[in-house]
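Please read the structure below before turning to the comments.
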Amino acid sequence: MHADVFQTLADPTRRRIVEALLGGEQAVNDLVERVAIHQSGVSRHLRILHDAGFVEVRPDGAKRLYSLRAAPFQELDEWVTRYRELWEARLDRLGEALERRQKARKERN
Amino acid sequence: MAEGLQASTGAKQRIKLERHYKKASVADVWELLTTKEGIEEWWGPDGFSVTVHELDLRVGGALNYAMSATAAPQIEFMRNAGMPVTTEHRGNFTEVEPKTRLAFSFPVDFVPGQAAYPIETTVEIFPAADGVRLIVTLDPMHDAHWNDMMVQGWEMELGRLERSLEKRLAQGS
């Protein structure tokens with residue numbers, strides 16, 4: 001699942017779409033204008049984002065309005081937090097290893 | 001919600017960790033970061049042991065290691081998660097400046113949720129008056145990876161374009 005989250009956001013156009021949606025829900029036409037690529041491209045990326053759970057859509061008359069869902073972004077945050085914790089612990093162990101070396105050197109002298 | 005989204009998508013998920021190792025020497029830090037024995041001593045995580053199989057300290061060189069659960073709770077955890085007790089990890093050095101700067105690109109290597117997604121990590125070493133200051137930058141969305149994928153996307157598009165041109169030429173003749 002983590003890989004999916006990253007893979008989905010790996011595409012720069014999809015990231016631009018997501019950034020454009022940060023301000024709130026939007027119709028495809030508005031997104032086409034903001035992201036500056038052809039409508040078929042925006043529609044294709046919206047479908048991928050929708051399938052991956054990043055966006056949801058609701059009808060508004062003849063228009064379809066797209067907006068972001070929080071879940072995958074929360075997952076991304078949790079994932080990054082766990083990765084950070086892994087490295088925090090790793091750097092603590094590096095500090096312990098350094099201390100062992102200093103101590104061993106002192107004992108030798 | 002908007003704030004959380006901003007944090008996730010705005011700019012990049014770059015994380016800076018900083019440590020000040022008092023009385024430590026730059027030489028020791030470099031050795032622990034770049035030798036088989038050094039890395040095996042601290043890479044971890046807790047309850048796991050690391051065996052470095054290949055270490056080629058130059059840009060593009062391999063850093064391959066096996067990570068094995070050794071403590072009972074970790075072994076049980078891996079088994080319950082349906083994962084092997086030992087996992088192989090393959091990375092590459094992307095920057096090597098002796099005793100100053102080291103960068104490597106690695107697949108995600110924490111447990112659980114192994115995913116073959118490379119993460120760029122940069123380690124900067126600064127001598128301090130009473131030891132060593134270390135800055136580690138974790139960059140899960142490093143530009144190189146985004147660019148790679150973008151290039152791949154383009155190559156696919158161009159390949160398609162070429163094929164359709166060939167088809168047209170064939171039809172025209």
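Because only heavy atoms are used, hydrogens play no part in the values below, and waters and symmetry mates are left out as well, while side chains stay in. Letters go in sequence order (proteins before strands), and every chain restarts at 1. Please read these numbers as outputs of a predicted model, since none were measured by experiment.
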Assigning hydrophobic clusters by single linkage (Ile, Leu, Val, Met, Phe, Trp, Tyr; side-chain heavy-atom cutoff under 4.5 Å), is [X] placed with [Y]?
X: B:V50; Y: B:L102; result: yes
X: A:L49; Y: A:L22; result: yes
X: B:M67; Y: B:V85; result: no
X: B:V26; Y: B:L57; result: yes
X: A:I48; Y: A:V55; result: no

Please round to the nearest 0.5 Å and tell me the distance separating atom [atom1] of [X] and atom [atom2] of [Y].
X: B:T121; Y: A:R90; atom1: OG1; atom2: CZ; result: 8.0 Å
X: A:R100; Y: B:D28; atom1: CZ; atom2: CG; result: 11.5 Å
X: B:I15; Y: A:E88; atom1: CD1; atom2: CD; result: 9.0 Å
X: A:L98; Y: B:W42; atom1: CG; atom2: CH2; result: 9.5 Å

Distance-minimising heavy-atom pair for [X] and [Y]:
X: A:R105; Y: B:S25; value: NH1-OG, 4.4 Å
X: A:R84; Y: B:K16; value: NH2-O, 4.2 Å
X: B:A24; Y: A:Q102; value: CA-NE2, 3.1 Å
X: A:R93; Y: B:P45; value: NH2-CA, 3.5 Å

(request) Identify which part of A:E85 has an atom lying under 4.5 Å from any heavy atom of chain B, answering side chain, backbone, both or neither. (result) neither
(message) Do A:L91 and B:E18 make a side-chain contact, defined as non-hydrogen atoms from C-beta onward lying under 4.5 Å apart?
(response)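 No; the side chains remain at least 4.5 Å from each other.
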(message) I want to check something: taking the side chain as every heavy atom from C-beta on, are A:R101 and B:L32 in contact at a cut-off of under 4.5 Å?
(response) yes
(message) If I measure from the heavy atoms of chain A, does B:V132 come under 4.5 Å with its side chain, its backbone, both, or neither?
(response) neither
(message) Non-hydrogen contacts under 4.5 angstrom with chain B: give the residues of residues 30-37 of chain A involved, or none if there are none.
(response)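 Listed by number, there are no contacting residues, so the answer is none.
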(message) Can you list the residues of residues 58-66 of chain A that sit under 4.5 Å from chain B, counting heavy atoms only?
(response) none
(request) Assign the ring pair A:W87 / B:W43 to parallel, tilted or perpendicular, where the plane angle (0 to 90°) is split at 30° and 60°. (result) perpendicular
(message) If the condition is side-chain hydrogen bond (donor to acceptor under 3.5 Å, both in side chains), which residues does B:T94 pass it with, not counting sequence neighbours?
(response) B:E120
(request) Would you please name every residue forming a side-chain contact (heavy atoms from CB on, under 4.5 Å) with B:K36, sequence neighbours left out? (result) B:E40, B:T51, B:V52
(message) If the threshold is 4.0 Å, N to carboxylate O, is there a salt bridge linking B:K22 and A:E99?
(response) no
